[in-house]
Enquirer: 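Sharing a structure, written as structure tokens. Questions coming.
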Amino acid sequence: METYQFTNKKTLDQFYKMISAKTRNGFVIVEHNEKLPYVVLSKEKKAIKHTFHLFLTCLTFGLWSVVWIYLIVTLSRKQSILVAVDEDGNLFEDKCLSL
């Protein structure tokens, strides 16, 4: 069984720098593979203080509701991403489906 080396030291350094930047941003490593350099990272959903946003919405006569809806859509779901190196040695990041 042959293994193909399609990554170089520079690409691997960029790969590990990207992983460390993501973990500093709140992501947690779920799956890691050294042979095929890829990592699946996950970030839990954040809690939204609905009473606070309701107060601001009433205070601004409904204008704050746009911000509130945006926060509900973006922060109330779990995020999962894949960081990997492809066959050509290029680093890429892609969103994963999360339940």
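Values in this document were obtained by computation on a predicted structure and should not be read as measured data.
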Enquirer: For atom OH of Tyr16, decide whether the heavy atoms of other residues, nucleotides or ligands shown that lie under 6.0 angstrom number more than 12.
Expert: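 Buried by this count: over 12 neighbours within 6.0 Å.
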
Enquirer: About how many Å separate OG1 of Thr11 and NZ of Lys9, when rounded to the nearest 0.5 Å?
Expert: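 Going from NZ on Lys9 over to OG1 on Thr11, the span is 11.0 Å.
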
Enquirer: Can I get a per-line list of side-chain donor-acceptor pairs under 3.5 Å for residues 64-73, giving both atom names and the distance, sequence neighbours left out?
Expert:
residue	atom	partner	partner atom	Å
Trp64	NE1	His53	ND1	2.9
Ser65	OG	Gly62	O	2.6
Trp68	NE1	His50	ND1	3.2

Enquirer: Please test Leu82 against Phe92 for side chain to side chain contact (heavy atoms under 4.5 Å, CB included), starting from the C-alpha separation and ending with a verdict.
Expert: CA-CA 8 Å; Leu82 169 74; Phe92 72 94; 4.3 Å; yes

Enquirer: Nearest 0.5 Å, please: how far is CG in Leu91 from CG in Leu12?
Expert: 9.5 Å

Enquirer: Indicate the atoms forming the closest heavy-atom contact of Ser76 with Lys45, along with that distance.
Expert: O-CD, 3.5 Å

Enquirer: When rounded to the nearest 0.5 angstrom, what is the spacing between CZ in Arg24 and CD1 in Ile19?
Expert: 12.0 Å

Enquirer: Write down the atom of Asn33, the atom of Lys35, and the distance for their closest heavy-atom approach.
Expert: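 What the structure gives for the nearest pair is OD1-N, 2.9 Å.
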
Enquirer: Taking Asp88 for the side chain and Asn90 for the main chain, is one N or O donor matched with an acceptor at less than 3.5 Å?
Expert: no

Enquirer: Hey, quick one: are Phe27 and Leu75 part of the same hydrophobic cluster, counting side-chain heavy atoms closer than 4.5 Å, chains of contacts allowed?
Expert: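 Phe27 and Leu75: separate clusters.
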
Enquirer: According to salt bridge (charged side-chain N to carboxylate O under 4.0 Å, His left out), who are the partners of Lys22, at least two apart in sequence or on a separate chain?
Expert: Glu93

Enquirer: What's the separation between atom CD in Gln79 and atom NZ in Lys46, rounded to the nearest 0.5 Å?
Expert: 8.5 Å

Enquirer: Is it the case that more than 12 heavy atoms not belonging to Phe55 sit under 6.0 Å from its CZ atom?
Expert: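 Check fails, neighbour count at 12 or below.
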
Enquirer: Side chain to side chain contact (heavy atoms under 4.5 Å, CB included) for Val83 and Val40? Distances and angles first, verdict last.
Expert: CA-CA 6 Å; Val83 176; Val40 177; over 6 Å; no

Enquirer: One pair to check against side chain to side chain contact (heavy atoms under 4.5 Å, CB included): Lys78 and Ser42. What are the steps and the verdict?
Expert: CA-CA 7 Å; Lys78 183 178 175 181; Ser42 178; 2.9 Å; yes

Enquirer: How far apart are the closest heavy atoms of Lys43 and Gly26, and which atoms are they?
Expert: CG-O, 3.9 Å

Enquirer: To the nearest 0.5 Å, what is the distance between CG (Leu41) and CG (Asn25)?
Expert: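 Leu41 atom CG to Asn25 atom CG measures 10.5 Å (nearest 0.5 Å).
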
Enquirer: Please find the pair of heavy atoms, one from Val39 and one from Phe15, that lie closest to each other, and give the distance.
Expert: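 Distance-wise, the nearest heavy atoms are CG2-CZ, 3.7 Å.
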
Enquirer: Does Tyr38 belong to the same Ile/Leu/Val/Met/Phe/Trp/Tyr cluster as Val28, with side-chain heavy atoms less than 4.5 Å apart forming each link?
Expert: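 Looking at the clustering, Val28 is in a separate group from Tyr38.
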
Enquirer: Please report the shortest heavy-atom distance between Ile81 and Cys96, naming the atom on each side.
Expert: C-SG, 3.8 Å

